[in-house]
Amino acid sequence: MKLQRPRGTRDFTPAETEKRRYIENRMRAIAEKWGYVEVKTPTFENSELFTIKSGEAILGELYAFKDKGGREIALRPELTAPVLRMYVNEMSVSPKPIKLYYFENCFRYERPQKGRFREFWQFGVELIGSGRVEAEAEAIALAAAMVSDIGIEADLCIGHLGVVRGVLHDLDSQMQAEAMRLMDKKDLEGLGVLLADDSDVKDRLLALIDADLDEASSIVGETGAIEQLKQMRTLLDHYGVEYKVDFGIARGLDYYTGMVFEMYAAGLGAQNQICGGGTYRLAQLFGGAETPSCGFAIGFDRVLEVCEVEPPNKPTVAVVYLPDVVEDAIRVASRLREGAGVRTTIDISGRKFGQQLKHADAIGADYAVIVGAQEIAAGMVTLRDMRTGEQEMIGLADAVLRIRG
RNA sequence: GCCGGGGUAGGGUAGUUGGUCAUCCUAUGGGACUGUGGAUCCCACGACCCGGGUUCAAAUCUCGGCCCCGGCCCCA
């Protein structure tokens with residue numbers, strides 16, 4: 001038996017890698033157009049960074065280990081905490097708001113299934129240092145722009161934990177947590193059982209789950225959170241972003257404090273969530289000043305599962321030559337590469353002329369640039385279109401023009 | 001961690017009531033073909049997921065493990 005790759009990891013073939021890189025670059029281009037700058041953080045962190053906000057319980061889902069110096073280390077399971085740690089360590093005096101994006105691999109020790117791997121990639125954004133609704137609306141609009149740019153139709157749902165917690169205010173914290181969990185799972189029956197003794201809370205919560213924004217304000221009153229959501233409605237209308245209000249969104253995370261949102265795409269089975277985010281307070285947990293922030297992360301692998309955008313074809317040229325003119329062939333290849341930036345291959349296997357053409361076909365070359373004694377005598381090359389079979393002896397500069405289309 | 005389905009050359013497969021040398025397609029390398037590829041033909045290459053058990057004999061039956069697929073739990 002040959003060596004296997006670890007469970008839940010993947011290899012990517014050249015075609016897959018090309019597509020992944022292309023989609024990544026499109027997302028990156030949008031983030032940069034919106035004025036966001038890229039950051040990188042370590043692949044592993046002290047485990048504490050992840051347990052501090054989520055408790056020891058999450059260690060079970062981390063790739064965590066002791067290093068040779070006895071330090072408790074964990075591979076990052078997400079990037080919001082590392083980026084906020086970095087903000088506190090390195091950027092806390094940078095002018096606010098700070099607009100950051102990242103694209104990195106993350107690791108979770110979980111049972112792999114469709115759209116869920118032990119190593120996976122996240123493209124995310126953190127908008128640090130503004131608690132205003134304009135910031136939240138921008139984060140949502142940016143997420144929507146990225147997803148739609150790569151041709152994915154997704155449903156966007158926005159909720160608000162402040163509103164929900166307001167309703168649950170009188171319950172003890174354990175009850176609150178359980179209620180939020182059931183709500184996130186859309187387990188209305190379970191909620192009914194849990195809140196059987198608090199019928200007032202139960203009625204209001206169940207009403208809220210189905211409520212739109214205007215109904216919500218009659219259930220919980222004109223609170224600040226409701227007012228914020230109404231402002232956001234106006235802003236998102238200006239952005240042209242369509243969404244649904246869903247107070248049932250709880251996001252398993254404790255650190256979200258206000259607005260939360262999720263995006264779902266069809267065709268992904270049980271793991272249909274492709275993006276999640278919201279407003280959180282983490283900086284002070286990591287020893288920084290209180291800094292209102294919001295952000296989101298897109299599940300890159302899930303997005304790729306349903307993304308049908310294909311990278312544009314980059315023309316490939318094979319220099320095909322007769323054995324007595326290797327030097328000239330190499331010179332032509334160099335001029336195609338360095339001079340013209342064309343993707344160019346040349347035989348390095350000692351193949352005969354006919355075999356070289358055959359191989360050029362096999363690797364999907366778009367053109368063959370043929371170099372032989374006749375071409376050299378004429379100071380030209382023969383450009384052969386591998387698809388049509390048409391060929392013509394022309395100058396190298398003209399050949400480049402045609403190759404580039 | 002739990003439930004179910006699955007694992008035969010690089011990819012796709014036949015064979016599974018145990019019994020010659022494990023089938024075919026494709027891909028790959030070479031040749032027929034010394035300045036013209038895609039066709040055809042020939043040759044080569046290459047597999048029973050791993051380990052234990054039953055048996056004269058295991059790809060086939062059995063147990064354990066690993067991995068893949070779908071779902072549950074979870075999803076910070």
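Per chain, numbering begins at 1; letters A, B, ... match sequence-line order.
Nucleotide B/rG29 holds its P atom 12 Å from the CD1 atom of A/I348, rounded to whole Å. Distance A/M393 CE to B/rG35 P: 16 Å, rounded to the nearest Å. Counting to the nearest Å, the P atom of B/rC75 and the OH atom of A/Y63 are 18 Å from each other. To the nearest angstrom, P of B/rG35 lies 8 Å from CZ of A/F353. In this structure, A/H359 atom NE2 and B/rU28 atom C1' are separated by 10 Å, rounded to whole Å. B/rG30 atom P lies 12 Å from atom CD of A/Q356, rounded to whole Å. One can place CD of A/Q271 at 11 Å from C1' of B/rC72, the figure rounded to the nearest angstrom. Here B/rG38 presents its C1' atom at 11 Å from CG of A/L357, a figure rounded to the nearest Å.
Taking atom C1' in both B/rU17 and B/rC49, the straight-line distance is 25 Å, to the nearest Å. Comparing B/rA14 with B/rA59, their C1' atoms are spaced 12 Å from each other, to the whole Å. When the C1' atom is compared between B/rU16 and B/rA58, the two are found 10 Å apart, to the nearest whole Å. To the nearest whole angstrom, the two C1' atoms, one in B/rC67 and one in B/rG29, are 31 Å apart. Using C1' as the reference atom, B/rC50 and B/rC72 are 28 Å apart when rounded to the nearest Å. Comparing B/rC42 with B/rC33, their P atoms sit 16 Å apart, to the nearest whole Å. Across the C1' atoms, B/rG7 and B/rA44 are found 28 Å apart, a figure rounded to whole Å. Spacing between B/rU20 and B/rA57 at atom C1', rounded to whole Å, works out to 13 Å.
For A/R116 and B/rC74, a side-chain-to-base donor-acceptor distance below 3.5 Å is present, hydrogens and geometry of angles not being considered. Side-chain atoms of A/R108 and base atoms of B/rC75 include no donor and acceptor less than 3.5 Å apart. You'll find a donor-acceptor pair under 3.5 Å spanning the side chain of A/Q391 and the base of B/rU36, going by distance alone.
Here A/F65 pairs with nothing under the ring-ring contact (aromatic ring centres under 6.0 Å, His included) rule; sequence neighbours left out.
Residues A/D361 and A/Y109 each lie close to RNA chain B; by heavy-atom proximity, the contact nearer the 5' end of the strand is made by A/Y109. Sequence order on RNA chain B of the closest nucleotides to A/A362 and A/L322 puts A/A362 first from the 5' end.
B/rG10 is paired with B/rU26 under the criterion used here, namely a Watson-Crick or G-U wobble arrangement in which both key atom distances are under 3.5 Å. With a cut-off of 3.5 Å on both Watson-Crick or G-U wobble distances, the partner of B/rC56 is given as B/rG19. Applying the Watson-Crick and G-U wobble criteria (two distances, each under 3.5 Å), B/rC72 pairs with B/rG1.
By the 6.0 Å and 45° rule, A/R108 does not stack over the aromatic ring of A/F120.
Between the side chains of A/Y367 and A/Q391, not a single donor N or O lies within less than 3.5 Å of an accepting N or O. Between the side chains of A/E16 and A/T13, at least one donor N or O sits under 3.5 Å from an acceptor N or O.
Near RNA chain B, meaning a heavy atom under 4.0 Å away, the residues from residues 365-380 of chain A are A/I370, A/G372, A/A373, A/Q374, A/E375.
Contact annotation for A/G276: no contact, since no heavy-atom pair falls under 4.0 Å across all strands. At a threshold of 4.0 angstrom between heavy atoms, the contacts of A/R76 with the nucleic acid are absent. Contact annotation for A/R181: backbone-only contact, meaning every heavy-atom pair under 4.0 Å involves sugar-phosphate atoms and none involves a base.
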Write out a two-atom table: protein N or O, nucleotide N or O from nucleotides 67-69 of chain B, distance below 3.5 Å.
{"unit_1": "B/rC67", "atom_1": "OP2", "unit_2": "A/R7", "atom_2": "NH1", "d": "3.4"}
{"unit_1": "B/rC68", "atom_1": "OP1", "unit_2": "A/G8", "atom_2": "N", "d": "2.8"}
{"unit_1": "B/rC69", "atom_1": "N4", "unit_2": "A/R111", "atom_2": "NH2", "d": "2.9"}

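In the set B/rG29, B/rU34, B/rG38, B/rU34 carries the atom at the smallest distance from any side-chain atom of A/K352.
Between A/D366 and A/R402 there is no salt bridge, since no side-chain nitrogen of the basic residue lies less than 4.0 Å from a carboxylate oxygen of the acidic one. With salt bridges taken as basic N to acidic carboxylate O contacts below 4.0 Å, none links A/E119 and A/R10. Between A/K202 and A/D198 there is no salt bridge, since no side-chain nitrogen of the basic residue lies less than 4.0 Å from a carboxylate oxygen of the acidic one.
Not a single donor-acceptor pair under 3.5 Å links the side chain of A/R335 to the backbone N or O of A/G339.
Applying the 4.0 Å criterion to OP1 and OP2 of B/rC75, one finds that A/K185 has every side-chain N and O outside that range. Distances shorter than 4.0 Å separate none of the side-chain N or O atoms of A/R351 from OP1 or OP2 on B/rG37.
Not less than 6.0 angstrom separates the ring centroid of A/F123 from the ring centroid of A/Y102. Between A/F300 and A/F103, the distance separating the two ring centers is shorter than 6.0 angstrom. A/F107 has its ring centre no less than 6.0 Å from the ring centre of A/W121.
Separation of atoms CZ (A/F50) and CD (A/E78) is listed at 6.5 Å; rounding is to 0.5 Å.
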